[in-house]
Amino acid sequence: MTATSGTPDATAPTAAPLKAPPGAAPIGVLVVDDDFMVARVHRAFVERVEPFRVLGVAGTGEQALAAVGELRPDLVLLDLYLPDVFGLDVIPRLRAAGHDCDVMVISAAREADAVRGAVRHGVVDYLLKPFEFEDLRVRLQRYAVQRGRLLGTVVRSQADVDRVLAGAAAPAGPAPGLPKGMSVETAELVERALREADGSLSASECAALTGISRVSARRYLEYFHTVGSAEVSLRYGVAGRPERRYRFRGAVTGPELRRAGRP
């Protein structure tokens, strides 16, 4: 087994860790990817998100199975194109061995069969390569919230079961307050632009429509992505970094933001 442990390589991307919710317990992660450079980057990305901790790295399906048995991670970031076995075939072997860790697929596999197979195997998310840090951060934080809700849920009625299955352990209510430094008025402007867009919007296009700066537009768009009101796709050009584009999904904004009481 070539699973490793310790701190990320010094050559990997570094940044100040994001703050975890108060009292959040560490979430152990195993990174599985046959490309050691890609695995190094993924490891560094994960280490930037609280309360996640990388316990090890594996490069094959067999190494992943052995590493899960030894390290007991809470979450496995699983590539599908492994040199010895297709990644999805690792999942039933984990279950047969009695491991109940969650699995998030991170792969370049865009085939519908792969996505359907991942859903059938109960993966918690499916992230396509290549991606940016923000794409993984949002999914990890969403997983951490859902994991906390599941661990703390007491089922007393069918409504509790329905909320767990829907990914929400609390009754619907007013939207949470906006992050510090964000205003309800600007959030409503950005939401309106998203709602009325014919397709998706880039941060630059949103800025032009709303009259705010591109940096501010990007911040609000990322907020809507974080809370599930917008989805993100990448548009690749001839050169340079891919452009992030946002599409409205619907959810809590508008008047609900005002009722939340955070200016």
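At least one donor-acceptor pair under 3.5 Å links the side chain of Glu47 to the backbone N or O of Val54. Counting only distance, with no hydrogens or angles, the side chain of Asp84 and the backbone of Glu62 share a donor-acceptor pair below 3.5 Å.
Taking 4.5 Å as the limit, some side-chain heavy atom of Val29 sits within range of a side-chain heavy atom of Leu77.
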### Task
In sequence, state the C-alpha distance, the side-chain angles, and the governing distance for Leu221 and Cys206, and then conclude on side chain to side chain contact (heavy atoms under 4.5 Å, CB included).
CA-CA 9 Å; Leu221 290 168; Cys206 182; 4.0 Å; yes
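The aromatic ring centres of Phe133 and His42 sit 6.0 Å or more apart.
Taking CG from Leu234 and CZ from Phe131, the interatomic distance works out to 10.5 Å, rounded to the nearest 0.5 Å. With rounding to the nearest 0.5 Å, the separation of CG in Leu30 from NE2 in His99 is 11.0 Å. In this structure, the separation between CZ on Phe45 and CD on Glu132 is 8.5 Å, given to the nearest 0.5 Å.
With Val57 as reference, Arg43 is the one residue of Arg40, Arg43, Gln63 to meet the side chain to side chain contact (heavy atoms under 4.5 Å, CB included) rule. Tested against Val103 for a side chain to side chain contact (heavy atoms under 4.5 Å, CB included), the candidates Ile91, Leu75, Val124, Val32 yield a single pass: Ile91. When each of His225, Glu231, Glu222 is paired with Tyr246, the side chain to side chain donor-acceptor pair (under 3.5 Å) condition holds for Glu222 and for no other.
Using a 4.0 Å cut-off between charged side-chain N and carboxylate O, Arg244 and Asp135 make a salt bridge. Under the 4.0 Å criterion applied to side-chain N and carboxylate O atoms, Glu111 and Arg116 are not assigned as salt-bridge partners. Taking a cutoff of 4.0 Å between a charged side-chain nitrogen and a carboxylate oxygen, Asp35 and Lys129 do not qualify as a salt bridge.
Minimum interatomic distance between Ala217 and Ala203 (heavy atoms only, all atoms of both residues): CB-O, 3.5 Å.
Other residues, nucleotides and ligands contribute over 12 non-hydrogen atoms within 6.0 Å of the CZ atom of Arg95.
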